[in-house]
Amino acid sequence: MNSEKLRKADLLDDLKKSMSFYQALGFENLPIKLARGNQQSAMTGKGNGQSASEKKILLEALRSEIGDCTRCKLSKKRTTIVFGEGDPGAKIMFIGEAPGREEDLQGRPFVGDAGMVLTRLINKMGFQREDVYIANIVKCRPPVNRDPEMDEIETCRKFLEGQIAIIRPRVIVSLGRISAATLTGNPGLKITAVRGKFFDYKGIPVMPTFHPAYLMRSPKDKWLTWDDALRVLERIGEETGVKSNKTDI
Ligand code: URA
């Protein structure tokens with residue numbers, strides 16, 4: 001094959017990979033207008049080999065795919081869709097349950113009281129919020145902060161899966177029962193039985209731990225979550241300099 005033909009075959013191959021990547025994310029159309037400079041990198045379809053800037057573009061595309069979502073009944077009462085935020089190239093991804101009142105108003109995850117506990121945990125682990133990625137199982141606030149229902153979780157699942165597929169963090173920390181139950185596919189799971197033990201989600205280790213809102217009610221259990229956090233740091237090979245597992249969060 002001459003070099004021109006090879007180049008075309010490569011481009012076609014890239015396009016095919018890219019199309020199946022978007023399809024795996026549940027996209028019905030290629031949803032982005034790529035700026036010229038981004039075109040090459042975003043169309044390589046490398047799956048999890050993307051740079052942080054490519055991941056940022058893909059996350060923006062995923063966000064525009066969600067649009068002004070009315071796919072489930074949570075859309076009726078929500079104020080703002082809370083997509084998630086942080087470093088698209090993050091090593092650690094925290095996944096909570098659903099936005100609460102403050103998150104619904106601000107459109108950002110974990111910015112209320114439970115968010116303060118999560119932020120302290122992230123800081124104690126040696127990171128800023130901007131260094132990690134924070135998302136939720138469902139992107140809209142359930143009325144009066146009730147648990148999200150199965151149909152709502154299932155409707156939103158492809159968007160969470162898309163976020164995970166794009167970010168491909170080294171470790172996921174699932175916060176609370178609903179997050180762990182959704183990622184394991186075991187709705188009957190008890191958080192006390194599974195916390196502190198890694199499980200696998202599509203090749204990514206997941207550390208289930210308590211939800212920050214639970215830790216506000218039961219501060220005596222904070223050291224258990226800190227223990228789980230130390231395991232996460234060990235897994236990603238991060239030096240903490242913190243030896244005590246009794247550290248308050
Ligand atoms: N609780 C969650 O699970 N997620 C948030 O974003 C806020 C509170």
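Atom set for the values below is all heavy atoms of this structure, side chains included, hydrogens, waters and symmetry mates excluded. Note that ligands are numbered from 1 as they come in the structure, with each ligand's atoms numbered from 1 the same way. Source: prediction; values computed, not measured.
Taken to the nearest 0.5 Å, the OG1 atom of Thr225 stands 11.0 Å off from the NE2 atom of His211.
By the ring-ring contact (aromatic ring centres under 6.0 Å, His included) test, Phe94 pairs with no residue at all, sequence neighbours left out.
Heavy-atom minimum distance, Ile249 versus Lys222: O-NZ, 3.0 Å.
For the pair Arg235 and Phe198, the cation-pi criterion (under 6.0 Å, within 45° of the ring axis) is fulfilled.
Cluster annotation: Val111 and Leu215 are assigned to distinct hydrophobic clusters (Ile/Leu/Val/Met/Phe/Trp/Tyr, side-chain heavy-atom contacts under 4.5 Å, transitive).
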Which pairs of N or O atoms, one from ligand 1 and one from the protein, are separated by less than 3.5 Å, and what is the distance for each pair?
from	atom 1	to	atom 2	distance (Å)
ligand 1	1 (N)	Ala98	O	3.4
ligand 1	1 (N)	His211	NE2	3.3
ligand 1	3 (O)	Glu97	N	2.7
ligand 1	3 (O)	Ala98	N	3.3
ligand 1	3 (O)	Ala98	O	3.4
ligand 1	3 (O)	Asn136	OD1	3.4
ligand 1	3 (O)	His211	NE2	2.8
ligand 1	4 (N)	Ala98	O	3.0
ligand 1	4 (N)	Asn136	OD1	2.8
ligand 1	4 (N)	Asn136	ND2	3.4
ligand 1	6 (O)	Phe110	N	2.9
ligand 1	6 (O)	Asn136	ND2	2.9

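In terms of modelled atom types and a separation under 3.5 Å, the side chain of Arg63 and the main chain of Gly67 share a donor-acceptor contact.
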